[in-house]
Number of protein chains: 2
Amino acid sequence: MASRTRRPERRREPLSRERIVRAAVELLDTVGEAGLTFRALAERLATGPGAIYWHVTGKAELLGAAADAVLAEAIAEEDAGATPREAIRAVAVGVFDAIDAHPWLGAQLARAPSGSPTLRIFERVGRQVQALGVREARQFTAASALWNYILGVAGQNAANTRMVEPGTNRAEYLDAVATAWAELDPEQYPFTRTVAGRLRGHDDRVEFLAGVDLIVAGITAHR
Amino acid sequence: MASRTRRPERRREPLSRERIVRAAVELLDTVGEAGLTFRALAERLATGPGAIYWHVTGKAELLGAAADAVLAEAIAEEDAGATPREAIRAVAVGVFDAIDAHPWLGAQLARAPSGSPTLRIFERVGRQVQALGVREARQFTAASALWNYILGVAGQNAANTRMVEPGTNRAEYLDAVATAWAELDPEQYPFTRTVAGRLRGHDDRVEFLAGVDLIVAGITAHR
DNA sequence: ACCTGAACACCGTTCAAGT
DNA sequence: ACCTGAACACCGTTCAAGT
C-alpha cells in the first residue's frame, strides 16, 4: 500500500538550468523575494536543495538569471517604423511594465544591472540616439543617461508603488500622501506643499515617461 | 580571579536608538550589508541581540534609519548664491558621493526611497525648478524626474562600481569591458561597438552629472 | 553525470526571566 | 523601563553517499 500512495504524480522531467530559473520566477512572482528559498524551490521541482547547486552556483546567480529571463522577454519585440523618440519610449515602457509585473525585478536591477538584456537595452537606446542626429562625441553620454534613467528610475517607481500595502487602494494612498504634503511646514517645504495636489490622480507610468521625454528634449536641444 | 577578568572595559553608556543606528552605519561601512547582523551589532554594543528590539522594530527599520542618517548628513549644507543649475548639481553630487562612500545606501534607496531626507531632496530640487522659471503645471513633473534620476541613477552607478571586485583596478576593469564591447557582434551591437572606446577613462560621476544637465536642459528647452 | 537529503554554520526574532 | 541570552524557526550551502 505504501508503494501505491507514494508520489503518484507523473515522472518528472530532468532538472535543467532553464527549468530551475522558470520555477524561480514563478516563486518570486507568487510569494515574493522572501519566498524564493532553495527548500521551496526544491520542493516545487520535486528534488532536494542540493540538486539545484549542480546547475546554478548559488542564489545570486539564480536571481540574476531570473531577472535576465524576465527582462529579455519584456524587450523582445522591436517595433520597426517608429520615430526615435517613440522607440526609446517603447523600450522604457517595456522595462517599466516588466518591473510593475515582477516587483522583485527592480531591486535586482539596482543590485546587478549588467546582464545581457541590459546591454541589449543600451544598444537599442544608443541606436535611437544616433538616429536623433546627436553628434558622435555626445552619443555615449546621451545613451548612458537614458539607459541609467530607464533601468534606475523604473525600479525606483516600482519601489514607490510597492510601499503601498497590497490591501490598500492606490488612489486612497495617494490621497493620504497629498494631504500629508499639504500639511507640511510652510517654512521648510513651500514647494512640496504647492505641488501636493498634483499627487492626486498621478500616474507613475506617465510621470516616468515624461522624464524620458525630458532627457530626449535635453539631448536634442541646441543652445 | 574570574571576577577580576570579567569585562574590564569601561561601563557602557545606555542603549539608545541613536547609538544603535550609529553602530549599524559603522558595521555597514566596514563589513558590508551581509555583515550587519543583530548578533554582531549586539556584540559591538556589548549587549544581547534582544536588547536592540526594545529601540528598533526590526532589521528593515534599522536599515532605513541608517540610510536616513547618512543621507541627511550628505545634503546638510546648502550653498546660497548658486544658480539653479548649480544648486541642483550640488544636491546630485551630495547623493552620489554619499552612495559612493556607503555602497549599501544605493540598494537601500532602491528598496524604500521615502525617508524624510528624500523628501527634503525633493523640496530642494523643486525650489530650483521654480527658480528656473518653469510654469506651475510642469513643475511637479520636472521635479519628479530630477528627484527620481538623482535617487535612482546614483544607486545604479554605485552598483556598477561595486561590481568591480575590491582588489582589481578600476582602470583595468574599464579597459577589459571596453575590449569586450569592441569585440561584440557587429550585426547585433553596432552602436555599443562604436562607443566602446568612450569607456576608457570614463568617470561615473561626470557621466551622472551630465545626465542631470540633460534633464535640466530638457526642462528649460522651449519648443 | 547527476541527484539526494542530512548536516553545518549561520540568520532574524521572540520571550521568559532578570534588574 | 530596559536589558539579557537562550531558544525557535528558519536560512544558504556543502558533501558524503547513492544511481
Taking [atom1] from [X] and [atom2] from [N], how many angstroms apart are they, rounded to a whole number?
X     : N      : atom1 : atom2 : result
A:H55 : C:dA1  : NE2   : P     : 13 Å
B:R39 : D:dC11 : CZ    : P     : 15 Å
B:Y53 : D:dC3  : OH    : C1'   : 15 Å
B:L45 : D:dG5  : CG    : P     : 14 Å
B:L36 : C:dG12 : CG    : C1'   : 11 Å
A:L63 : D:dG12 : CG    : C1'   : 12 Å
A:I52 : D:dC11 : CD1   : P     : 13 Å
A:I20 : D:dG12 : CD1   : P     : 14 Å

A:W181 and B:F122: aromatic ring centres closer than 6.0 Å?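 Under 6.0 Å, so yes.
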Verdict with reasoning, B:R124 to A:F191, per side-chain contact (heavy atoms from CB on, under 4.5 Å): CA-CA 8 Å; B:R124 203 174 297 180; A:F191 172 76; over 6 Å; no
Looking only at heavy atoms, what is the nearest atom pair of B:Q188 and A:E123, with distance?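 Residues B:Q188 and A:E123, closest heavy atoms: O-CG, 3.5 Å.
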How close do B:P117 and B:I75 get, counting heavy atoms only, and between which atoms?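 Looking at all heavy atoms of both residues, the closest pair is O-CD1, 3.8 Å.
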With the side chain of [X] defined as its heavy atoms from C-beta on, choose the nearest nucleotide among [options].
X     : options              : result
A:A51 : D:dC3, C:dC3, D:dG12 : C:dC3
A:P14 : C:dG12, D:dA1, C:dC3 : C:dC3
A:P49 : D:dT13, D:dC8, C:dC3 : D:dT13

With nearest nucleotide decided by heavy atoms, which residue, A:G50 or B:S16, maps closer to the 5′ end of DNA chain D?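 That would be B:S16.
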For the pair A:E61 and A:R17, find out whether any cationic side-chain nitrogen is under 4.0 Å from an anionic carboxylate oxygen.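 So A:E61 pairs with A:R17 through a salt bridge.
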Under a 3.5 Å cut-off for both distances, is C:dG12 Watson-Crick or wobble paired, and to whom?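 Pair assignment: C:dG12 / D:dC8.
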Any-strand Watson-Crick or G-U partner of D:dA17, both distances under 3.5 Å: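 Result: none.
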Is A:W54 near enough to C:dC2 that one of its side-chain N or O atoms lies under 4.0 angstrom from OP1 or OP2?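 For A:W54, the contact criterion (side-chain N or O under 4.0 Å from OP1 or OP2 of C:dC2) is met.
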